[in-house]
Amino acid sequence: MIDLAIIPVAGRGTELLPLTKSQPKEMLPVGGKPVVQHVVEELIQCRLNRFLFVTGPDKAAIEDHFDVNNELIRYLRLNGKEDLLAELAFEREDAEYFYTRQRHQSGLGHAVLCAEPFVHGHRFVVALGDTILGRYTSSGIVKRMIDLFERNSSEIKGVIAFDEVPRPEVVHYGIAKPKESRGDFFELDDIVEKPTAEETPSTLAVAARYIFTPDIFDYLRRTEPGNDGRIQLTDAISLMIRDRKKILGVRLPPGEYRYDIGSFESYYKAFLDFALHDPIHGSTLKSFLDQNFGR
Ligand code: G1P
């Protein structure tokens, strides 16, 4: 059974300065919740219940957010604001939260390697803490990936979610070189981190969700850092494939949204989209936009 998700949240979020100067980008509000709460709720719905955050400098707000805040609960009760307690229900979810710190900014691959002492030979999910999947309801892609893994567990070493992106955008992502598709999944022939639009093997971009067996750690240890000193998770996966380990890819279903909170443009779009679909405030916001920006 896969019940553990590693959530890397150590990146500095420099594309979003000054917003992220002292606040983790994973704590930025998207609609009424911080980014990382959307991520955790998606994973809980896919039946994961142990979460290991790989944190870095200035990320303490994430720990506070998932902790039970008894003082706040008491305050709300004493002041007749019981209705607001429902907003804190996520604190009491049947889930456990753990934290470890990536002490050097040495890339996503290194962040995943920091989780090794916690994994104890089991398979696990990696979910990037700055990417929301789904809109009206959380994505079920991780559940599909777990099912696929469990159906083929003796042969495969990893399953990765992919999303089709416009060709000019491949430069921002890990990109699949797929073998032939088999129904709703495909086997990877290779994977390349941030190729040029001219040389890209496809337009299938890694969509921030992965499942691995602990074999990945050996390959991460063997992965040479790039020119920027960072160890890429994608490069370790590529080494695994070259070593004839089987890695599968699944596509996000058509119409499923992916919000990568990595730049102002994508952050603003995500915030607007969630705010406009807010069940309480969405319609007022829509009228405001209609009145002021007319269509
Ligand atoms: C990371 C991964 C990349 C992946 C992307 C989005 O890149 O290295 O392979 O496609 O997340 O999920 P980053 O956004 O950290 O540059």
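The structure presented is a predicted model; accordingly, all values stated were derived computationally and were not measured. One-based numbering, in listed order, for ligands and for the atoms of each. We count residues from 1, following the sequence as given.
Tyr257 shares a hydrophobic cluster with Leu16, Leu19, Leu28, Val30, Val35, Ile132, Tyr259, Ile261, Phe264, Tyr267, Tyr268, Phe271, Phe274; the chain of contacts runs through ILVMFWY side chains whose heavy atoms sit under 4.5 Å apart.
Closer than 4.0 angstrom to ligand 1 by heavy atom are Leu108, Leu128, Tyr173, Gly174, Glu193, Lys194, Val206, Ala208, Gln232, Thr234, sorted by chain and number.
The closest side-chain donor-acceptor pair between Ser138 and Glu41, if any, does not fall under 3.5 angstrom. Looking only at atom types and distance, the side chain of Asp243 has a donor-acceptor partner in the side chain of Tyr219 under 3.5 Å away.
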Handout entry: ring-ring contact (aromatic ring centres under 6.0 Å, His included) between Phe162 and Phe186, intermediate numbers included
Key = CA-CA 10 Å; Phe162 287 93; Phe186 55 89; 5.6 Å; yes
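For Glu265, the side chain to side chain contact (heavy atoms under 4.5 Å, CB included) criterion is met by Ser263, Lys269, not counting sequence neighbours.
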Could you go through residues 53-62 and list every donor-acceptor pair under 3.5 Å that involves a side-chain atom there, pairing it with any protein atom two or more places apart or in another chain?
residue, atom, partner, partner atom, Å
Thr55, OG1, Thr100, O, 3.4
Lys59, NZ, Val9, O, 2.9
Lys59, NZ, Gly11, O, 2.8
Lys59, NZ, Glu26, OE1, 2.8

